[in-house]
Each structure stands twice: as structure tokens, then as C-alpha cells.
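What follows is a short report on a single structure.
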Amino acid sequence: MGKKYWLFKSEPGAYSYPDLEKDEVAEWDGVRNYTARNYLRSDIKVGDGVLFYYSNAKPQRIVGTALVVRDGYPDFTAWDPKSDHYDPKSTQENPIWYMVDIKPLTRFQKEITLQEIKNIPDLHDMILVNNSRLSVQPVTATEWEIITSLGN
DNA sequence: GCCAACGTTGGC
DNA sequence: GCCAACGTTGGC
């Protein structure tokens, strides 16, 4: 399997790119959507590229890239009753939710806004454009190339 | 702040 | 298993 590409969303007030740079490695926890979970559990692998997107921001935009440094493993925050992401249906024997670890790669010199993406015909098929709700989504190699060459 | 789109829940 | 009702996300 070759290298694959993804887009992860975060609200900058909840977890920003500078937070990732400070932490050096982030556990991408708290995803509670089955489509996104399937990607995290089965498809996202060490070495894959991640576009870091700010949702609910002004403007919404991609601010940089990150690198996957750990394959999917159970999201233990689901087991913690004190966590905002607690889910009593998930157990250590039968975990429901998964996460990966990422580290910062490059912070864009020029951030790419959602509006710019919508203005580029070759990016019109991005899930970001067509299903704005999915918080972990695949990106094609072509889309990755266009966006990173504009940003860096 | 509004609301469309989407995902999940639960009654049947 | 279907689908209506509800809750959430996130763009505008």
C-alpha cells in the first residue's frame, strides 16, 4: 500500500495547529462517527499525510500538514466517564472508537481557505466541499498535490 | 443565529 | 428492517 492522504478537521478553539506543534505528537481522539472511525481503525497508516483544517473558523481554512505516526488503536477516552467523549457502549474488550497519532509536518506559508478550494475546479470533488460534516476524510493524491503546492 | 445536511436513535 | 423524530455539525 502506498502513502495515502487525509483531511482532519479541528475547531481552532478546541485544538489548533500551534497546539499540535507544542505537543509534538497528538492523539487524534474523540471522533464519534462511524465513517470516520472506519478510516481511523483500518485505513489510516503511519506515513500517511494529513491536511489540518479549521472548521467553524473565520474563514474556514487548511493551515498546514501533519504526518501519521501511529496506526489506529482504541480511543481510551471512550472508557473514561469523566471525558466529554465517554461512551459506555465501548469497552476494553470490544472497543468501538479508534484514534491515530499525528505530528506536525509543515505549516502553510499561505493558508488555503474553503472559498479558494471551491474556486478551483479540480477540487470540486473533495468531500470537504460535498459533505462538510465528515471530520476525517480521504483526499486524493492530486488534491493533496494541488493544495500543498499552493500552501507551501 | 439560522438552517440544511447528515447521522443516530428508537418505536413499531 | 424501516423510517420518523431528534440531535449535531458546520457553512453562511
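Convention: sequence-line order gives letters A, B, ...; per-chain numbering from 1. The model shown is predicted, which means the values in this text are computed figures rather than measured ones.
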- So where does chain A start and stop touching DNA chain C, 5' to 3', when the test is distance under 4.0 Å to a non-hydrogen atom? dG7(C) to dC12(C)
- Task: With a 4.0 Å heavy-atom cut-off, tell me which residues in residues 74-82 of chain A come close to DNA chain B, sorted by residue number.
- Result: none
- Query: Y17(A) vs F52(A) aromatic rings, parallel, tilted or perpendicular, using cut-offs 30° and 60°?
  - Reply: perpendicular
- Message: Students often get this wrong, so: under 4.0 angstrom with heavy atoms, is Y53(A) touching a base, only sugar-phosphate, or nothing?
- Response: sugar-phosphate
- Task: Could you tell me how the ring of W28(A) sits relative to the ring of Y15(A): parallel (under 30°), tilted (30 to 60°) or perpendicular (over 60°)?
- Result: perpendicular
- Query: Is the side chain of K4(A) donor-acceptor paired with the backbone N or O of D43(A) at a distance under 3.5 Å, no angle test?
  - Reply: yes
- Message: When you group the ILVMFWY residues by side-chain heavy-atom contacts below 4.5 Å and let the links chain together, are I62(A) and V50(A) in the same group?
- Response: no
- Task: Please lay out, stage by stage, how L51(A) and L128(A) fare under the test side chain to side chain contact (heavy atoms under 4.5 Å, CB included).
- Result: CA-CA 11 Å; L51(A) 298 172; L128(A) 186 66; over 6 Å; no
- Do the charged groups of D75(A) and R37(A) touch, with an N to O distance under 4.0 Å? no
- List in chain and number order the residues that pass side-chain contact (heavy atoms from CB on, under 4.5 Å) with D87(A), two or more places apart in sequence or in another chain; answer none if no residue qualifies. A78(A), K89(A), I96(A), W97(A)
- Item | Within 6.0 angstrom of K45(A) NZ, more than 12 heavy atoms from elsewhere | yes
- Message: Classify K118(A) by what it touches in the nucleic acid, base, sugar-phosphate, or nothing, heavy-atom distance under 4.0 Å.
- Response: sugar-phosphate
